[in-house]
Amino acid sequence: MDKIKWLFFDIGSTIVDESKCYEYRCNEIINSNDINAEEFYARVLDFAKTNSFPIKEACNYYDFEIPKWPKELERIYPDTKKALKILSQKYKLGIIANQSAGTQKRLDDWNIGKYFDVVSSSTELGFAKPDLRIFTTSLEQANCNPQNAVMIGDRIDNDVVPAKKLGMKTVWVRQGFAKYITVQDDNEKPDYTIDSIGEIAKLF
């Protein structure tokens, strides 16, 4: 890791805990439709093994309407701030995330915006992961070569695979629904795998 200068983070289920959002959506769906809670949760977990949007896929399966995402229920993980503080003393930190408008403000509201020198959001840039342009644009803004950067995220398809294509190192954070996913081949295999964002400081 001697050549690493920049660490780029995803947001959802990486530094931000979305579990309350998932719970809210599932409860709204169950309460608004004629379905047993156990059956619906079982369907969601089944889709979670192969899909990054299991609640949406379960809704499509049953032809249910999916509730609006409750941003107000998002919270940073308890270990997020400590990890960012430690890492920022040695590396430059950035964000590469598929997010709605106002990403910097949300980071500031969580009192972690100060740790990031580059914040690349899909809405602001006009293209979203896994489009390689969001990665190359972020690297250009950071004046960093891919081999000197690490992408850290919960998604194999959106974070690990495209970053590997560019030559970045990758860390897969198995939080949220990611813990149900199985890596299928070498193209999807991250350089490192951790089970919580709190473990990230031990790698670097």
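All residue numbers refer to positions in the sequence shown, counting from 1.
- For Y22 and F177, the distance between ring centers is under 6.0 angstrom.
- Within a 6.0 Å sphere centred on CD of E65, other residues, nucleotides and ligands contribute 12 heavy atoms or fewer.
- L73 and L107 fall into different hydrophobic clusters, where Ile, Leu, Val, Met, Phe, Trp and Tyr are joined by side-chain heavy atoms under 4.5 Å apart, directly or via other members.
- The distance from atom OG1 of T136 to atom CD of E140, rounded to the nearest 0.5 Å, is 5.5 Å.
- Note on ring orientation: taking the six-membered ring where Trp is involved, the planes of Y91 and F204 are perpendicular (angle over 60°, cut-offs 30° and 60°).
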Apply side chain to side chain donor-acceptor pair (under 3.5 Å) to residues E18 and S13 and explain how you reach the verdict. CA-CA 6 Å; E18 300 175 317; S13 293; 3.0 Å; yes
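- Side-chain contact between V118 and I95 is absent, with no heavy-atom pair separated by less than 4.5 Å.
- Enclosure of atom CG in D108 by more than 12 non-hydrogen atoms of other residues, nucleotides or ligands within 6.0 angstrom is indicated.
- With D154 as the fixed residue, the side-chain contact (heavy atoms from CB on, under 4.5 Å) test singles out one of I197, D159, I15: D159.
- Taking CZ from F53 and SG from C59, the interatomic distance works out to 13.5 Å, rounded to the nearest 0.5 Å.
- Between Y61 and F47, the two ring planes are perpendicular [angle over 60°; tilted spans 30° to 60°].
- In this structure, K129 NZ and N158 CG are separated by 6.0 Å, a value rounded to the nearest 0.5 Å.
- Here the CD1 atom belonging to I35 is positioned 7.5 Å from the CD1 atom belonging to I30, to the nearest 0.5 angstrom.
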Go through R106 and Q99 one step at a time and tell me if the side-chain contact (heavy atoms from CB on, under 4.5 Å) criterion holds. CA-CA 10 Å; R106 288 194 294 278; Q99 290 283 308; 3.2 Å; yes
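- Rounding to the nearest 0.5 Å places CG of L7 at 9.5 Å from SG of C144.
- In terms of hydrophobic clustering, with Ile, Leu, Val, Met, Phe, Trp and Tyr side chains grouped at heavy-atom distances under 4.5 Å, M151 and F116 are assigned to different clusters.
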For E74 and W69, run side chain to side chain donor-acceptor pair (under 3.5 Å): C-alpha distance rounded to whole Å, both residues' side-chain angles, the deciding distance at 0.1 Å, then the answer. CA-CA 10 Å; E74 295 177 336; W69 183 257; 3.0 Å; yes
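- Under the rule for a side chain to side chain contact (heavy atoms under 4.5 Å, CB included), the partners of K5 that lie at least two apart in sequence or sit in another chain are N148.
- The heavy-atom pair separating E28 from P67 by the smallest distance is CB-CG, 3.7 Å.
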